[in-house]
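Let me begin by presenting the structure, written as structure tokens, before commenting on it.
Given the structure is predicted, the values throughout are model-derived calculations rather than measurements. Chain letters run A, B, ... following the sequence lines, proteins first, then strands; residues in each count from 1.
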Amino acid sequence: MAANFFEKLKNSLVKTKKNFSGKIDQLINYSGVYDEEFFEELEEILILADIGYESTNKIIERTRDLISKENITEKAMVKSAIKTVIKEILEVENVENKNIDTPAVILIVGVNGVGKTTSIAKLAKMFKDEGKSVMLAAGDTFRAAAVEQLEIWAERVDVPIIKNAQGADPSSVIFDALHAARAKGVDILICDTAGRLHNKDNLMKELSKMNKIINGQSDYFNIYRYLVLDATSGTNALNQAATFNEVTNLDGIILTKLDGSAKGGIVIPIKNQYRIPVEYVGVGEGMDDLQKFSPEDFVEILFE
Amino acid sequence: MVFEGLSEKLQDTFKKLRGKGKLTEKDIKEATREIKLALLEADVNFKVVKKFVNSINERAMGSEVLKSLTPGQQVIKIVNDELTQLLGGEPFKLKYSPKGMTSIMLVGLQGAGKTTTAGKLAAYMKKDGKKVLLVACDVYRPAAIKQLQVIGKQLETHVYADESAKDPVKIAADALKYAREYLFDTVIFDTAGRLQIDEKLMDELVDIKKTVEPDHVVLNIDSMTGQEAVNVAETFNEKIDITGVILTKLDGDTRGGAALSVASVTGKPILFAGMGEKLTDLEVFYPDRMASRILGMGDVLSLIEKAQTDFDEEKAIELQEKIRKQTFTLEDFKNQLIQMKSMGSFKDILNMMPGGNKKALKGLDFDEKEFSRSEAIINSMTPEERINPGIINANRRKRIAAGSGTRVQDVNKLLKGFEQSKKMMKQFSGLNNKKHGRMKFPFM
């Protein structure tokens, strides 16, 4: 299955390569000297990949230094220099791939429409395939039919779900689910939450309350909090990461919709500025289209 | 917030330009560089930015210098004009078909907010007196149909759904027949979200379009979208020739560069902006206001409009009279609070105010509940106490606190605040009396 997944990911990143790796190849092939013009075009490629201005600048400066310091002239070496710099920024060497230690509770947060509910279904399927017992908590009591959506997924994956009616206090759903999961000795409880824009104070307070309730069970559960990010999002994802991190102290990011032509380049500045790594990526609508992911993989495939 | 908004960015740029008598080529170059960076950081697509900056350069270098403006103001005006133009110029009014039935098809990526927008559009059109039919064409996402049904129920709007059908083209065709038969004059088709590179699903959209021949094909774009917005808009436009755009989730703190990108590459108008979680939170998109907002001139027009519709002018004049005569009572204070509350979130209003004070605003947390609390406290007073707060002694305070579900401290705080504002008003009205004899409320 893993091989299949990487096939899929590679296929989906073909577009990305055309846009990113391909463009970098082209740029390097056509320029003999690495002058202002070269770096200006490199800047354009990086910005078009949603890497953001600040990180783009950093990558360019470091690449420039590296090229001049090591006196690089060979075309292939220039490309690997850029790659090295991006890897440096992503600190691929220091990434400890966090495994979920059971019993665990996973809180899923994010703005509206990024794919939280679908990601939860995929996570549940993944853990279940690993032989773990999973329970879902329908914490999105706000959006119309959100509970039903998760219910349908729960049925498909065949895991129990704790729910309440639309309009109920989401914290109470989380509270009930925590107790149910504890009582039944469930390995992993995954909590859905309503999509909320990070600049809505009241909604963030509501989230903070849910987070506190989960923290109250830290004597028993290992707690993981993931932000779901849409790969098509631009620099606003930085604000999302910062604010959600403040409120819930994020452990990682689930990057969704990577099967489109968007690059999800925004994960680079997010890692760089807030040290929040990408833990999972989603590349399709199927239940198996989610996988554990490391920044190393990201850079490797980007430059393949 | 982590980042300054685009308006702050450009304001900083223009601060440098302000106070200069003459604008050199170098100044323009520096200014346009800053504009370029600001727009890029706001997620405007790189190619769009290049085009925009070039046209700014051309116009700024040109000879259109107005005598009434300083060169700095001149650049601001040019940037403002160009931005407005790029965003579509005039606000676009969605036209109802003269044939009797208007049909609208909503398309877009997954999670762009189509279903919610379908509900918001239905609410908007119902207000126009239309008989609206919502059609659930999303057969893929679990519970998408149910979501539209729940929204329909909230709006008391009919929803056409066929849960046994698997083919959205057939659903759309059947719905159209149904709409004709039952004399609906507006039909909104909610389609499934899809990636623009998914050819099979894009073909399905083409088929739906051929079948129902909608008057409007509206692309929903998440205003937080990055550079990708251009590809999405371009492909949807090529494949199904969209007629307009709705920008969703604009109530976030995104700088909304996607709006510029999409408008620029498709040349299609932005019709509405989604501004919140409620089904009434859909606003007509005003290119000039958006441009002004981007430039940090504040969304003054929206503010004035809001104030005009929500603030009762007669009451305001009455209030001014009372202050002048110094007969301002707690009852008046309460009325003022109620009016302020009806104008919407205090923060919203302050956000619309012009000036560079947005940074200062960010730290402030306006507690809307404070309004309600104050109202409750005043409601628990006797008429006599409201006119003459001097008689409110410790016992009365206890009673008022108990009656309003607050603490004595809260009552004290309110009374103190009232006295202070009374004093302040006296000073203000005194000042204004000499000059104009009038003062402005409630924006003093």
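- Between B:E277 and A:K200, no side-chain nitrogen of the basic residue sits less than 4.0 Å from a carboxylate oxygen of the acidic one, so the salt-bridge criterion is not met.
- Of residues 134-148 of chain A, those residues lying under 4.5 Å from chain B by any heavy-atom pair are A:F142, A:R143, A:A144, A:A145, A:E148.
- The candidate with the highest count of non-hydrogen atom pairs below 4.5 Å against chain A, out of B:Q154, B:Q196, B:K153, B:R141, is B:R141.
- Of all the listed residues (A:E44, A:R196, A:R156), the one sharing the greatest number of non-hydrogen pairs under 4.5 Å with chain B is A:E44.
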Show your reasoning for whether side chain to side chain contact (heavy atoms under 4.5 Å, CB included) applies to B:D251 and A:N199. CA-CA 8 Å; B:D251 49 327; A:N199 61 338; 5.8 Å; no

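- Within a 6.0 Å sphere centred on NZ of B:K126, heavy atoms belonging to other residues, nucleotides or ligands number more than 12.
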What donor-acceptor contacts under 3.5 angstrom involve side-chain atoms of residues 112-120 of chain B, with partners at least two apart or in another chain?
{"from": "B:K114", "atom 1": "NZ", "to": "B:L109", "atom 2": "O", "distance (Å)": "2.7"}
{"from": "B:T115", "atom 1": "OG1", "to": "B:D190", "atom 2": "OD2", "distance (Å)": "2.9"}
{"from": "B:T117", "atom 1": "OG1", "to": "B:G113", "atom 2": "O", "distance (Å)": "2.6"}
{"from": "B:T117", "atom 1": "OG1", "to": "B:N220", "atom 2": "ND2", "distance (Å)": "3.1"}
{"from": "B:K120", "atom 1": "NZ", "to": "B:G276", "atom 2": "O", "distance (Å)": "2.7"}
{"from": "B:K120", "atom 1": "NZ", "to": "B:D281", "atom 2": "O", "distance (Å)": "3.3"}

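- Looking at A:D50, its side chain never comes within 3.5 Å of a backbone N or O of B:G226 through a donor-acceptor pair.
- Taking the side chain to side chain contact (heavy atoms under 4.5 Å, CB included) definition, one finds that B:V53 meets it with B:T32, B:K36, B:V49, B:N57, sequence neighbours left out.
- Judged purely by atom type and a 3.5 angstrom limit, B:D43 uses its side chain to pair as donor or acceptor with the backbone of A:T235.
- Using a 4.5 Å cut-off between heavy atoms, A:Q166 touches chain B through its side chain atoms alone.
- How far CG of A:L48 is from CG of B:N45: 5.5 Å, rounded to the nearest 0.5 Å.
- From A:D259, atom CG reaches atom CG of B:D198 across 8.5 Å, with rounding to the nearest 0.5 Å.
- Checked against ring pair (Phe, Tyr, Trp, His ring centres under 6.0 Å), B:Y160 has the following partners two or more places apart in sequence or in another chain: B:Y178.
- Judged purely by atom type and a 3.5 angstrom limit, A:K257 uses its side chain to pair as donor or acceptor with the backbone of B:Q110.
- Contacts between A:Q240 and chain B at a heavy-atom distance below 4.5 Å involve the side chain alone, from C-beta outward.
- The candidate with the highest count of non-hydrogen atom pairs below 4.5 Å against chain A, out of B:L195, B:L148, B:I145, is B:L195.
- There is no contact between A:I266 and chain B, counting heavy-atom distances below 4.5 Å.
- Atoms CE and CG, from B:M224 and A:L197 in turn, are 5.0 Å apart once rounded to the nearest 0.5 Å.
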